[in-house]
Protein chains: 2
Amino acid sequence: MSLAYAFEDLREDGRDGLAEAMRRLGVRMTFAKDEEIYAQEDPTEFVYAVVTGGVRTIRLMSDGRRQIGEFYYPGEIFGLEPGPEHRYSAEALCDCEVLVLKRSALRAFADDEKLERAVWQATRRELERAQGHLLLLGRKTACEKVASFLADMAGRRGAEAVDLPMSRQDIADYLGLTIETVSRMLTQLQSSKIVEFASCRQFRIRNQGALSRLAA
Amino acid sequence: MSLAYAFEDLREDGRDGLAEAMRRLGVRMTFAKDEEIYAQEDPTEFVYAVVTGGVRTIRLMSDGRRQIGEFYYPGEIFGLEPGPEHRYSAEALCDCEVLVLKRSALRAFADDEKLERAVWQATRRELERAQGHLLLLGRKTACEKVASFLADMAGRRGAEAVDLPMSRQDIADYLGLTIETVSRMLTQLQSSKIVEFASCRQFRIRNQGALSRLAA
DNA sequence: CGATCGGTTGAGTCATCTCAACAGAGGTGG
DNA sequence: CCACCTCTGTTGAGATGACTCAACCGATCG
């Protein structure tokens, strides 16, 4: 676990009233790697914020095919699904800490309007991401998908060296590919000197322009 | 244009405060087939409701690849994108009538809370659909995609005979396929007596169970 | 030190795409 | 009213990107 996934990130997102409230009111819980945080079909009773580690949301088909909805990093809110029941489950990418808050508590909390706005904000961000992901899944090639993924992760983490807390299987299920294809594309991007992997879970962008162009 | 796309549909959706407000306050506009209603990158200044006809939202890549975000039928709200700018453009599927309302007018309108809730509701519905579509685009086969599409359209239109106001190209760009593949899958579903096409724009479900099973 | 797990690489297959021909519906003008 | 054209959709044949299956490799762990 690198320091990059530290609690500090949460504090930096000062504009976000929801994260603020989460920090003050939420209950801190820890989850082991691959542990389920909530299940598909669970009532959408809580809101969550990542403190350390990372989280994935997952939807399963009856035959085991898996689609990952989104990855969440420290400071990010998740579990804000619209319906009364979760359609995606959430699992810990690695050992992690999460703040949990009852949705009803949000309503009861003072400074109500600001909080409502914050939930609204987070929901909008979710929608925006999902809409962007539609284009990726529907129309991009394997290479473009992987390039987009790396660019996106680098953008969200900011740092020079970017850690990937998720496995190749997770990446594949996020991009609608197989692990083998993901691996091949990563090798390809590396041999064209666009990115460089220090280990299989950490990389650095060597040619931002080329990466953005591929991400299309 | 069949009667199925009539204004009456809007009235039936009585629970929906937003549609109600749109009807009272919105400006009615007509658009010709394939005309643009708003463009990618336009500011998200208005909310829209379909009265008659149908609408598609579209995202284009620089090389012309196209992803359709959603189709909208009479009584449905669209244009509710989260950011300050549209990331999808909207076009008329066929000649159609649309109600247009300034977002700022929504805020000024009496019975404010109810309206806010309605916008909230519609946004949630958008998110739900987008999340469902992720699984379809990422993990379903061509056959499953087409079956899901037909089942979904039938479900939304309710009627026995279902009209498809969109072209094969639209369907293909919605499902992340090519027109040829869509056409082949439709032929296949028809020869297995799961659906029946009266014309290429109108069908009827002959075996609901089999269709749902395929839609997975 | 062997076993296991996650990741990479290779070879062959298959679903979907591409390219091309064709068919039918609808519109237009003579 | 017919001949023609265009546009949309269907069908066929061959190409290909991504998948499947299998071997291998290195790191981690008991």
Side-chain angles (χ1 to χ4, degrees), chain A residues 1 32-34 56 61 63-67 93-95 136-150 163-192 195-203 214 216, chain B residues 1 32-34 56 61 63-67 93-95 136-150 163-192 195-203 214 216:
Chain A
M1 170 61 52
K33 181 171 152 60
D34 296 326
R56 60 176 174 255
M61 289 175 69
D63 62 359
R65 277 177 285 178
R66 214 173 69 135
Q67 176 66 42
L93 280 173
C94 47
D95 295 350
L136 179 141
L137 289 172
R139 286 299 177 213
K140 290 191 184 177
T141 64
C143 183
E144 291 168 340
K145 285 177 176 180
V146 173
S148 305
F149 172 73
L150 294 180
D163 288 305
L164 297 174
M166 69 291 286
S167 70
R168 293 294 188 266
Q169 185 64 63
D170 290 331
I171 299 175
D173 289 338
Y174 181 61
L175 301 177
L177 299 170
T178 59
I179 35 175
E180 293 95 331
T181 301
V182 169
S183 182
R184 278 184 247 275
M185 295 303 127
L186 288 174
T187 306
Q188 192 179 306
L189 287 172
Q190 191 163 18
S191 26
S192 22
V195 297
E196 180 177 3
F197 278 78
S199 75
C200 71
R201 298 285 186 109
Q202 193 193 66
F203 73 100
L214 274 177
Chain B
M1 172 63 48
K33 180 171 152 62
D34 296 327
R56 61 176 174 255
M61 288 174 70
D63 62 358
R65 279 176 285 177
R66 214 172 68 136
Q67 177 66 43
L93 279 173
C94 48
D95 294 350
L136 179 141
L137 289 172
R139 286 299 179 212
K140 290 191 182 177
T141 65
C143 184
E144 290 168 340
K145 286 177 176 180
V146 172
S148 305
F149 171 74
L150 293 179
D163 287 306
L164 296 174
M166 69 290 288
S167 70
R168 293 294 189 267
Q169 185 65 62
D170 289 332
I171 300 175
D173 289 337
Y174 182 61
L175 301 177
L177 299 170
T178 59
I179 35 176
E180 293 95 331
T181 301
V182 169
S183 182
R184 278 183 246 275
M185 294 304 127
L186 289 174
T187 306
Q188 191 178 306
L189 287 173
Q190 190 163 18
S191 26
S192 23
V195 297
E196 181 178 2
F197 277 80
S199 74
C200 72
R201 298 283 188 111
Q202 193 191 67
F203 74 99
L214 275 177

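The chains referred to below are lettered A, B, ... by the order of the sequence lines, with proteins before strands, and numbering in each begins at 1.
Counting distance only, with no hydrogens placed and no angle test, the side-chain atoms of B:R184 and the base atoms of C:dT18 include a donor-acceptor pair under 3.5 Å. Taking 3.5 Å as the limit, the base of C:dG7 and the side chain of A:R201 contain no donor-acceptor pair of atoms between them.
Residues B:T187 and B:D34 each lie close to DNA chain D; by heavy-atom proximity, the contact nearer the 5' end of the strand is made by B:D34.
In this structure, the nucleotide among C:dA20, C:dT8, D:dG9 sitting nearest to the side chain of B:E180 is C:dA20. Ranking C:dT8, D:dT20, D:dG9 by closeness to the A:C200 side chain, first place goes to C:dT8. Picking from D:dT11, D:dT20, C:dG7 the nucleotide with the shortest atom distance to the side chain of A:S167 gives C:dG7.
In this structure, CZ of B:F197 is placed 16 Å from P of C:dA25, rounded to the nearest angstrom. Atom pair B:Q169:CD and C:dT18:P shows a separation of 11 Å (rounding to whole Å applied). The nearest whole Å value for the distance from the CE atom in A:M166 to the C1' atom in C:dG6 is 15 Å. The distance from atom CD of B:Q190 to atom P of D:dT11 is 9 Å, rounded to the nearest whole Å. Counting to the nearest Å, the C1' atom of C:dT18 and the CZ atom of B:R65 are 15 Å from each other. Atom CG in A:L175 sits about 15 Å away from atom C1' in D:dC19, given to the nearest Å. For the pair B:M185 CE and D:dG9 P, the interatomic distance rounds to 17 Å; values are reported in whole Å. Note: CZ (B:R168) to P (D:dC7) measures 18 Å, nearest angstrom.
An OP1 or OP2 oxygen of D:dA18 is reached within less than 4.0 angstrom by no side-chain nitrogen or oxygen of A:T181.
Using a 4.0 Å heavy-atom distance criterion, B:I179 is classed as making no nucleic acid contact. Using a 4.0 Å heavy-atom cutoff across all strands shown, B:L186 reaches no nucleic acid atom at all.
For A:K33 (side chain) and A:D95 (main-chain N/O), no donor-acceptor pair under 3.5 Å exists by modelled atom type. Checking side-chain atoms of B:R201 against main-chain N and O of B:P165 turns up a donor-acceptor pair under 3.5 Å. With B:T181 contributing its side chain and B:L177 its backbone, the two residues share no donor-acceptor pair below 3.5 Å. No side-chain donor-acceptor contact under 3.5 Å links B:Q202 to the backbone of B:S199.
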(request) In sequence, state the C-alpha distance, the side-chain angles, and the governing distance for A:D173 and A:R65, and then conclude on salt bridge (Lys or Arg N to Asp or Glu O under 4.0 Å). (result) CA-CA 8 Å; A:D173 289 338; A:R65 277 177 285 178; over 6 Å; no
